[in-house]
*Asks:* 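Dropping a structure here in structure tokens format, bear with me for questions.
Predicted, not measured: the structure shown is a model, and the values here were computed from it.
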Amino acid sequence: QLSLTADSLFKNRYEMLSLRQLNKAIDSLDKNNRQFENRVRIELMPYLPFIKTLDKSKGATTDPRSAASAAREKPLIPDSARLLVADQTLTYASSAKTALESLSNEYLTRRKELRLHLIEWHNKFTMSLAVLVLFLIGAPLGSIVRRGGIGTPVVFAVLFFVFFFLLNNFGRKFVKEDVLLPFTGMWLATLILVPVGLFLIY
């Protein structure tokens with residue numbers, strides 16, 4: 001009576017894709033993100049019309065004291081209209097905030113999806129090279145069995161493996177949280193332990 005999940009349900013998940021499929025998916029996601037950024041600029045322009053006039057104020061040499069005195073003499077908004085303007089401003093700001101939050105959440109989701117694909121792409125190489133990286137450390141440790149007995153190199157080998165495991169997990173987590181770039185986070189353990197292995201071999 002067990003209801004099995006169809007194999008095709010997860011076939012498009014990034015964990016299930018080959019290297020060629022990941023390349024295609026990453027290219028499509030990157031292209032879609034650029035199109036989304038252009039669409040966001042168009043959609044937000046009605047809420048931010050002052051952007052068009054920012055460059056026009058360059059080089060202005062208005063004395064702030066004269067501007068303040070002019071504002072005291074003649075208010076920009078009459079007293080009778082201030083309440084109406086304030087209500088309209090709050091409504092306008094609320095609409096702009098809602099639009100910004102919605103687009104921001106969608107943008108973060110798109111960026112995270114791209115990062116997950118990049119993580120899996122780099123993972124194809126880092127996990128393959130992990131065997132060689134740990135071999136560079138394990139081989140010289142095995143050569144000191146005669147000196148310190150079998151316990152000493154085993155303890156050091158386990159420590160290096162745990163260190164590699166933690167670095168790899170931390171790097172992956174930092175990439176997921178958008179703290180590190182995918183290349184830096186996924187290759188962190190390899191870049192640190194390869195020099196250690198070469199030193200031990202020497």
*Asks:* So, taking the atom named OG1 in T190 and the one named CG in N168, what distance separates them when rounded to the nearest 0.5 Å?
*Replies:*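 Atom-to-atom, T190:OG1 and N168:CG are 7.5 Å apart.
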
*Asks:* Transitive ILVMFWY cluster of L108 at side-chain heavy atoms under 4.5 Å: who else is in it?
*Replies:*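 None; L108 is a cluster of one.
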
*Asks:* Is there a donor-acceptor contact under 3.5 Å from the side chain of T98 to the main chain of S94?
*Replies:*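 Looks like yes, one N/O pair under 3.5 Å.
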
*Asks:* Could you check if a side-chain atom of R110 sits within less than 4.5 angstrom of a side-chain atom of L29, using non-hydrogen atoms only?
*Replies:*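 They are not in contact (no side-chain heavy atoms under 4.5 Å apart), so the answer is no.
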
*Asks:* Give a yes or no on whether the backbone of V85 and the side-chain of T89 come within a donor-acceptor separation of less than 3.5 Å.
*Replies:*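 Judged by distance alone, yes, a pair lies under 3.5 Å.
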
*Asks:* So, the side chain of E177 versus the backbone of F174: is there a donor-acceptor pair under 3.5 Å, distance only?
*Replies:*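 No, because the side chain of E177 does not come within donor-acceptor range (under 3.5 Å) of the backbone of F174.
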
*Asks:* Under 30°, 30 to 60°, or over 60°: which ring-plane class applies to Y14 and H117, parallel, tilted or perpendicular?
*Replies:*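 The arrangement is tilted - the two ring planes meet at 30° to 60°.
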
*Asks:* Taking C-beta and beyond as the side chain, do M186 and R172 meet within less than 4.5 Å on heavy atoms?
*Replies:*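 Result yes, sub-4.5 Å side-chain heavy-atom pair found.
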
*Asks:* Does this structure show an ion pair linking R34 with D30, if we count only N-O contacts that are shorter than 4.0 Å?
*Replies:*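 Looking at D30 together with R34, the answer is yes, because their closest N to O distance falls below 4.0 Å.
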
*Asks:* Find out whether D178 and K112 are in side-chain contact, i.e. whether some heavy atom of one side chain is under 4.5 Å from a heavy atom of the other.
*Replies:*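 Heavy-atom side-chain distance check fails, nothing below 4.5 Å.
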
*Asks:* Considering residues, nucleotides and ligands other than K124, do more than 12 of their heavy atoms fall under 6.0 Å from its NZ?
*Replies:*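 Atom NZ in K124 is crowded, with more than 12 foreign heavy atoms closer than 6.0 Å.
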
*Asks:* Look at R39 together with E106 and state whether they make a salt bridge at an N to O cut-off of under 4.0 Å.
*Replies:*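 E106 and R39: salt-bridged.
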
*Asks:* By the rule that ILVMFWY residues connect when side-chain heavy atoms come within less than 4.5 angstrom, directly or transitively, which residues belong alongside L4?
*Replies:*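 Joined to L4, directly or through intermediates: L2.
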
*Asks:* With S128, which residues qualify under side chain to side chain contact (heavy atoms under 4.5 Å, CB included), at least two apart?
*Replies:*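 Partners of S128 by the side chain to side chain contact (heavy atoms under 4.5 Å, CB included) criterion come out as none, since no residue qualifies.
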
*Asks:* Closest approach of I137 and G197, non-hydrogen atoms and distance?
*Replies:*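 Smallest heavy-atom distance, with atoms named: CG1-CA, 3.9 Å.
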
*Asks:* So E15 and F10, do their side chains get closer than 4.5 Å, heavy atoms only?
*Replies:*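 No - every pair of side-chain heavy atoms lies 4.5 Å or more apart.
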
*Asks:* Counting neighbours of CZ on F199 that are heavy atoms of other residues, nucleotides or ligands and sit closer than 6.0 Å, is the number greater than 12?
*Replies:*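 No - once you tally the heavy atoms of other residues, nucleotides and ligands closer than 6.0 Å, there are 12 at most.
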
*Asks:* How long is the straight-line distance from NZ of K24 back to CG of L22, given to the nearest 0.5 Å?
*Replies:*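 Here the interatomic distance stands at 12.5 Å.
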
*Asks:* Could you please spell out the steps behind the side-chain contact (heavy atoms from CB on, under 4.5 Å) verdict for F36 and L103?
*Replies:* CA-CA 9 Å; F36 178 76; L103 293 171; 4.2 Å; yes

*Asks:* Ignoring hydrogens and angles, state whether a donor on the side chain of R41 or N38 is under 3.5 Å from an acceptor on the partner side chain.
*Replies:*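 A pair is found: one side chain offers a donor N or O, the other an acceptor, under 3.5 Å apart.
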
*Asks:* Hydrophobic clustering (ILVMFWY, side-chain heavy atoms < 4.5 Å, transitive) - are I26 and F125 grouped together?
*Replies:*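 F125 and I26: one cluster.
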
*Asks:* When you group the ILVMFWY residues by side-chain heavy-atom contacts below 4.5 Å and let the links chain together, are V131 and L193 in the same group?
*Replies:*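 Shared cluster, no.
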
*Asks:* Can you measure from CZ (F160) to CG (L134) and round to the nearest 0.5 angstrom?
*Replies:*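 It comes to 10.5 Å.
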
*Asks:* Side chains of L129 and W187: does their closest heavy-atom pair fall under 4.5 Å?
*Replies:*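 L129 vs W187: side chains touch.
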
*Asks:* Is there a path of hydrophobic side-chain contacts, each under 4.5 Å between heavy atoms of I, L, V, M, F, W or Y residues, that connects V194 with F135?
*Replies:*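 In one cluster with V194: F135, no.
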
*Asks:* Decide yes or no for T126 and N123: does some side-chain heavy atom of the first lie under 4.5 Å from some side-chain heavy atom of the second?
*Replies:*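 Side-chain contact under 4.5 Å: yes.
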
*Asks:* Look only at the side chain of N32 and the backbone of S28, and say whether a donor-acceptor pair between them is shorter than 3.5 Å.
*Replies:*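 Yes; at least one donor-acceptor contact below 3.5 Å.
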
